Amino acid sequence: MSYDECYVKSVVRTIHDWPEPGIAFRDVTPIFKDPKALRMVSDALTTRYIDSGITHIACIDARGFLLGSIMAYALNLPLVLVRKKGKLPGETICQDYTLEYGTSTVEMQTDAVSEGDNVLIFDDLIATGGTVLAAATLIRKLGAQIYETAALIDLPDLNGSTRISEADIPVFTLLAYEGL
Ligand code: AMP
């Protein structure tokens, strides 16, 4: 099924002033209720990476898990998880990062990726880029290289995709929304 940006955009729901005043929350959950939209985005993302040489998909807690696992299944690749602190058993490494207000921490299992791996990072949305950059730090600490970051949505006015590109990580997104 060919990708129709207008259709997918019409399915994403914007919830204003949530989770706090001034934020326009881009809710991707309706995509998962709409098989046509889900197939379009899954096919567009999967097709892009068929001959890319990526060895792993690292997906970010929690909405990144949904499309990340579809891509991993379709591409027959290992999926590894970047989770909020305290969710993963076994030996882990973690990385703090700054949010608009306060800080947060992401974590990976130390055997998730290793030297020689070529990793695609996937999340649902890039805002300030802090989450993806923290994930990238962990992946690089484990010795792997990063092929690219992909997301469904970019919020370019928050400069995250620019910050990620400046860290020598290419960025691919399917949709963009102006404003916060
Ligand atoms: P950031 O680290 O600032 O790039 O934020 C990206 C993470 O926060 C992603 O995992 C998103 O799911 C979530 N996020 C940030 N801003 C929004 C927004 N306006 N709408 C939906 N999710 C958001």
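Quick caveat: nothing in here was measured; it's all calculated off a predicted structure. Counting starts at 1 for both ligands and their atoms, in listed order.
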Which heavy atom of the protein is the closest neighbour of atom 10 (O) of ligand 1, given with residue, atom name and distance? Asp123 OD2, 2.8 Å

From Thr173, Leu133, Ile126, residue fulfilling side chain to side chain contact (heavy atoms under 4.5 Å, CB included) relative to Thr149: Ile126

Determine whether the side chains of Asp96 and Thr105 contain a donor N or O and an acceptor N or O closer than 3.5 Å. yes

Leu155 to ligand 1: N or O pair under 3.5 Å? no

Name the closest protein heavy atom to atom 20 (N) of ligand 1, giving the residue it belongs to and the distance to 0.1 Å. Arg26 N, 3.0 Å

Nearest protein heavy atom with distance in Å, relative to atom 8 (O) of ligand 1: Thr131 OG1, 4.8 Å

Tell me: protein heavy atom nearest atom 19 (N) of ligand 1, and distance? Ala24 O, 3.1 Å

Could you tell me whether the side chains of Thr92 and Glu107 share a donor-acceptor contact shorter than 3.5 Å? yes

Identify the protein heavy atom lying closest to atom 3 (O) of ligand 1, giving its residue, its atom name and the separation to 0.1 Å. Thr128 OG1, 2.5 Å

Main-chain N/O of Leu99 paired to Thr103 side chain as donor or acceptor, under 3.5 Å: no

Protein contact to atom 22 (N) of ligand 1 [nearest heavy atom, distance to 0.1 Å]: Phe25 CE1, 3.5 Å

Between Tyr147 and Asp117, is there a side-chain donor-acceptor contact under 3.5 Å, judged purely by atom types and distance? no

Are the side chain of Gln109 and the backbone N or O of Pro89 linked by a donor-acceptor pair below 3.5 Å? yes

Against Val41, only a single residue in Thr46, Ile31, Asp34, Ile70 fulfils side chain to side chain contact (heavy atoms under 4.5 Å, CB included); can you say which? Ile31

For atom 16 (N) of ligand 1, state which one of Asp124, Val12, Leu125 supplies the nearest heavy atom. Leu125

Protein heavy atom at shortest distance from atom 13 (C) of ligand 1: Arg63 NH2, 3.9 Å

